[in-house]
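All remarks here apply to the structure that follows.
Lettering follows sequence order; numbering is per chain, from 1. What's counted below: heavy atoms across the whole structure, side chains too, no hydrogens, waters or symmetry copies.
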Protein chains: 2
Amino acid sequence: MNTELSAPGPSAQGVEKGFCPVYRAIGVLQEKWVLHIVRALLDGEKGFNELARAVGGCNSATLTQRLEHLETLKIIGKRTEDTHGKLARSVYTLTPVGRELQSVIDAIDTWGRAHLQEGPPGVAGC
Amino acid sequence: MNTELSAPGPSAQGVEKGFCPVYRAIGVLQEKWVLHIVRALLDGEKGFNELARAVGGCNSATLTQRLEHLETLKIIGKRTEDTHGKLARSVYTLTPVGRELQSVIDAIDTWGRAHLQEGPPGVAGC
DNA sequence: CCCACTAGTTTATAAAGTCAAGCGGTGTAA
DNA sequence: TTACACCGCTTGACTTTATAAACTAGTGGG
């Protein structure tokens with residue numbers, strides 16, 4: 001019976017009824033690998049496998065899906081270039097909209113450096 | 001055979017080999033509902049159901065799990081207060097660490113307002 | 001007594017993400 | 001010539017995660 005209200009409550013900041021850009025933005029950025037992809041592309045345009053490597057750990061199926069989604073949102077752009085002769089290479093770039101996520105990544109970066117020095121989740125000291 | 005490299009490439013900004021706070025921070029913040037929870041709590045401390053309502057759409061099972069995780073990360077704190085007589089109410093608050101995520105939310109907010117005015121994902125004009 | 005509200009837990013199901021393999025193509029080295 | 005590495009994906013089986021819905025247990029009001 002609980003938690004089924006889809007309209008954010010009246011207590012939140014700018015949430016009136018109706019469309020909320022922040023809510024939507026969070027919805028986009030919280031998708032797995034999206035922030036990693038954006039961060040990788042802020043470092044420069046990349047090909048598919050190159051991006052997979054830079055992102056670190058995302059598999060090709062998920063990556064394809066995420067890239068398509070980000071492309072429809074006009075956050076990234078895809079270009080197919082004929083580098084040498086015939087081999088077509090797909091190159092992914094941030095659009096101006098995507099590039100403005102730099103501030104978000106920076107904020108996360110700053111926060112992470114300040115408060116996440118230790119590595120609780122077991123695995124590697126990595 | 002692809003996409004199984006866990007070590008982020010050398011091309012990214014501050015990624016040396018070893019622990020990367022940004023990578024980890026993204027890992028934390030990209031979990032579903034986390035940014036929504038933080039945003040709701042930036043608006044003030046809240047009880048469980050109150051938080052569920054503010055977050056909008058998260059079910060209690062997931063919320064419980066997320067709150068536990070965020071608590072172990074010291075991003076939020078849980079307090080059980082005896083409001084009136086015996087009824088125990090759980091109150092969730094941001095820790096100082098959590099409060100510093102304000103800048104991240106602000107950056108997302110700014111970006112969202114600037115670029116996400118339209119609502120592509122069908123559903124409601126909401 | 002019945003209903004609403006508190007904070008959750010349980011269970012079964014749906015959705016999302018991952019793994020491993022493979023395709024068509026090129027280019028490089030044996 | 002064969003073989004294997006790289007490119008950019010796609011496919012299908014499998015695992016992990018999130019969801020809805022119901023339910024526990026306690027308080028309080030009508």
Value rounded to 0.5 Å, distance of CH2 in B:W111 from CG in A:L29
5.5 Å
Look at the side-chain N and O atoms of A:R53 and state whether any lies under 4.0 Å from the OP1 or OP2 oxygen of D:dC6.
no
Rounded to the nearest angstrom, tell me the gap between atom CZ in B:F48 and atom P in D:dG26.
18 Å
Just how far, in rounded Å, is C1' of D:dT10 from CG of A:L67?
14 Å
When the distance from CD of A:E50 to P of D:dC6 is rounded to whole Å, what number comes out?
14 Å
Less than 3.5 Å between a donor and an acceptor, one on the side chain of A:S60 and one on the base of D:dT10, is that the case here?
yes
Answer with base, sugar-phosphate or nothing: what part of the nucleic acid does A:T64 contact at a heavy-atom distance below 4.0 Å?
base
Kindly work out whether a path of hydrophobic side-chain contacts (I/L/V/M/F/W/Y, heavy atoms less than 4.5 Å apart) joins B:V91 to B:L41.
no
Inter- and intrachain pairs under side chain to side chain donor-acceptor pair (under 3.5 Å), touching residues 68-80 of chain A, at least two apart
A:E31-A:H69, A:E45-A:R79, A:R79-A:E81
Rounding to an integer number of Å, can you tell me how far B:H69 NE2 sits from D:dT16 C1'?
15 Å
Is there a side-chain contact between B:L101 and B:L94 in this structure, where contact means two heavy atoms from C-beta onward sitting under 4.5 Å apart?
no
Take atom CG of B:N49 and atom P of C:dG8, then tell me their distance rounded to the nearest Å.
9 Å
Minimum-distance pair of heavy atoms, taken over all atoms of A:C20 and B:R39:
SG-NH2, 3.9 Å
Report the C-alpha separation of B:R113 and B:D109 in whole Å, then their side-chain angles, then the decisive distance to 0.1 Å, and conclude whether the salt bridge (charged side-chain N to carboxylate O under 4.0 Å, His left out) test is met.
CA-CA 6 Å; B:R113 284 176 199 280; B:D109 183 286; 2.6 Å; yes
Sorted by chain and residue number, the side-chain contact (heavy atoms from CB on, under 4.5 Å) partners of B:Q65 (sequence neighbours excluded) come out as none
Please write out each protein N/O paired with an N/O of nucleotides 13-17 of chain C under 3.5 Å, distance rounded to 0.1 Å.
{"unit_1": "C:dG17", "atom_1": "OP1", "unit_2": "A:R66", "atom_2": "NH1", "d": "3.1"}
{"unit_1": "C:dG17", "atom_1": "OP2", "unit_2": "A:R66", "atom_2": "NH1", "d": "3.4"}
{"unit_1": "C:dG17", "atom_1": "OP2", "unit_2": "A:R66", "atom_2": "NH2", "d": "2.7"}

Within the structure, does a side-chain N or O atom of B:S90 lie under 4.0 Å from either OP1 or OP2 of C:dT6?
no
Please state how far atom CG in A:L63 lies from atom C1' in C:dT18, giving the value in whole angstrom units.
13 Å
Atom-to-atom span, CZ of A:R89 to P of C:dG27 - whole angstrom:
14 Å
